[in-house]
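Report on one structure; see the data block that follows.
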Amino acid sequence: MSALWRVGYCKAGAGNGAIQRECANSGDGNVAIENSGAAVASIGGLRAVSRYQWLVFLVVWAGWTLDAADFGLFSLVLRPALTELLGFGGSALAPDQLAQLGKVGGLLSMCGLLGWAFGGFIFGILADYIGRVRTLVFSIAIYSVFTALQGLSQGVWDFGLYRFIAGLGTGAELMVGIPLLAETLGETHRAKIAGVMMTGGAIGTFLGAWAYGIVGPYGWRYVFFVGILPAVLLMVIRRRVMEPDRFSTVRQRREAIAAGREVAADDREFMRFVPVQLFVREHRYNTFVGLLFGLGSLLAIWTTNIWLPTILSLMVQKGGTAADANAAAPFVSQGIMLWSLGGIAGYSAFGFIADWIGRRLTITFYSLGSVIMGLILYLALPAYEPWYPIVLPIFGFFVFGVFSGHAVYFPELFPTQIRSTGVAFCNGAARIITSFGPLVAGLLVGAFGGSFNRVTAVMSCFALLSIVAMLIGRETKGVPLPR
């Protein structure tokens with residue numbers, strides 16, 4: 001971003017009453033505008049958020065929405081895809097075929113989640129060195145291409161390979177987008193807007209279910225071709241989105257230190273390899289708390305996210321509403337959309353609740369709700385109708401909504417020079433462990449007599465780990481974003 005552009009943009013913001021991004025004074029004549037909570041509050045409400053800040057919000061939200069749609073589409077087509085690739089025939093699967101489907105489906109899900117974990121961590125480190133925006137462009141290109149390639153799979157092995165590489169890009173998008181948005185927004189509305197941004201997770205699942213209802217009848221392969229759509233975002237990002245000034249200041253300090261100019265007493269610590277900084281005395285406790293929170297929330301949702309369409313299909317057939325999986329498809333689509341609608345409400349409400357009662361109590365509230373509603377959904381309801389359409393959105397409110405805590409709480413734990421890596425590690429390391437969840441659940445299906453419900457209910461209880469994290473973590477409400 002040129003100095004002339006920064007000066008003009010900041011002056012324009014001052015003239016129309018919008019508090020702009022921080023225009024840090026980096027030594028090149030830039031105007032310094034301090035994004036204090038008092039200044040924002042004096043202007044009043046969300047009108048204090050500038051057009052550029054909304055643009056960044058929309059870019060990150062759209063990327064996350066399309067990521068979630070991709071994972072939603074994968075879970076929706078998993079059963080028909082594996083039925084074809086494994087050579088199963090007939091509308092009803094035998095118990096041994098269900099067990100094999102669970103095993104292979106768990107392995108494929110693990111491939112995607114491992115890709116997401118490693119992609120988030122690798123690209124998170126990259127974003128702390130080359131910038132948030134450039135890294136975001138790379139990630140979107142990767143997951144667009146390899147999501148579409150899954151529709152060309154000829155066997156389980158190449159399907160898993162495409163899934164893993166697509167996961168690399170998918171995992172990077174949100175892990176880079178969260179710091180980009182947090183560093184662009186002011187203090188007062190950061191939690192609220194970040195929480196609303198996370199609605200993309202539920203809206204994406206909703207759109208995936210909607211797209212499945214339209215494209216699904218033509219076959220599972222065509223569903224994956226929808227994954228090329230995120231590439232459209234590349235044009236917007238490359239032309240309009242700039243690096244946050246917080247990151248630009250970090251980069252300039254690194255360049256000064258590398259040139260032999262002393263900037264501060266902690267220069268040597270500042271220049272250490274970014275992942276190593278997560279485990280120094282100053283940051284390692286926050287890193288552990290973030291990891292525990294990420295682990296609990298991810299374990300609770302990902303087994304559900306992978307196996308809920310299969311569970312809905314089986315519950316519809318069990319109740320006699322549909323004779324086979326194809327006839328059950330409209331009910332599966334309806335159930336996923338209801339679940340997603342609840343998630344949209346949960347995501348949106350999180351930031352407002354967190355600014356009211358604090359981050360720790362809000363995450364505890366959502367995690368406890370995930371456990372209770374998950375047990376009711378999977379163990380207490382005998383068939384799809386009449387209770388599933390009622391309980392699904394309530395469960396979605398909690399199990400989806402808690403992920404707004406990733407966008408709100410994680411960035412508040414780490415300073416700018418390690419923020420992207422910290423967010424990616426807390427989410428990515430947890431995701432590596434979580435990636436085995438759907439596989440373990442799939443393997444346990446046989447041990448539980450072919451019951452996906454009981455296995456998924458057990459996995460939902462891991463949300464209790466997030467409650468433990470909040471009991472030992474620090475409260476960040478009202479604390480400025482670390483520099």
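- Checked against the 6.0 Å centroid threshold, Phe146 and Phe164 do not count as a close aromatic pair.
- The closest side-chain heavy-atom distance from Phe279 to Phe425 is below 4.5 Å.
- For the 3.5 Å distance criterion, the side chains of Tyr129 and Gln417 fail to qualify, holding no donor opposite an acceptor.
- Proximity of Leu152 to Phe225: side-chain heavy atoms (C-beta onward) are separated by under 4.5 Å at one or more points.
- With respect to the salt-bridge test (charged N to carboxylate O, under 4.0 angstrom), the residues Glu243 and Arg132 do not qualify.
- By the side chain to side chain donor-acceptor pair (under 3.5 Å) test, Arg251 is found to be paired with no residue, residues two or more places apart in sequence or in another chain being considered.
- The aromatic rings of Tyr409 and Phe293 sit perpendicular to each other, their planes meeting at more than 60°, with 30° as the lower class boundary.
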For Trp64 and Glu173, run side-chain hydrogen bond (donor to acceptor under 3.5 Å, both in side chains): C-alpha distance rounded to whole Å, both residues' side-chain angles, the deciding distance at 0.1 Å, then the answer.
CA-CA 7 Å; Trp64 174 223; Glu173 195 283 327; over 6 Å; no

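- Taking 4.5 Å as the limit, some side-chain heavy atom of Ser466 sits within range of a side-chain heavy atom of Ser297.
- Within the 4.5 Å cutoff, no side-chain heavy atoms of Val408 are placed close to those of Met198.
- In this view, Thr304 and Tyr378 satisfy the side chain to side chain donor-acceptor pair (under 3.5 Å) rule, not counting sequence neighbours.
- Using cut-offs of 30° and 60° for the angle between ring planes, the His406 and Phe410 rings count as tilted.
- Contact of the Phe247 side chain with the Ile130 side chain is not registered, since no non-hydrogen atoms from C-beta on lie closer than 4.5 Å.
- Put simply, the side chain of Ile336 reaches to within 4.5 Å of the side chain of Pro309, judged on heavy atoms.
- Using modelled atom types and a 3.5 Å distance limit, the side chains of Arg246 and Thr249 yield no donor-acceptor pair.
- Donor-acceptor pairing under 3.5 Å is recorded for the side chains of Thr199 and Trp61.
- Using a 30° and 60° split on the angle between ring planes, Tyr366 and Phe397 fall in the parallel class, below 30°.
- Classified by interplanar angle (parallel below 30°, tilted 30° to 60°, perpendicular above 60°), the ring pair Phe224/Phe159 is perpendicular.
- At least one side-chain heavy atom of Leu312 sits under 4.5 Å from a side-chain heavy atom of Leu392.
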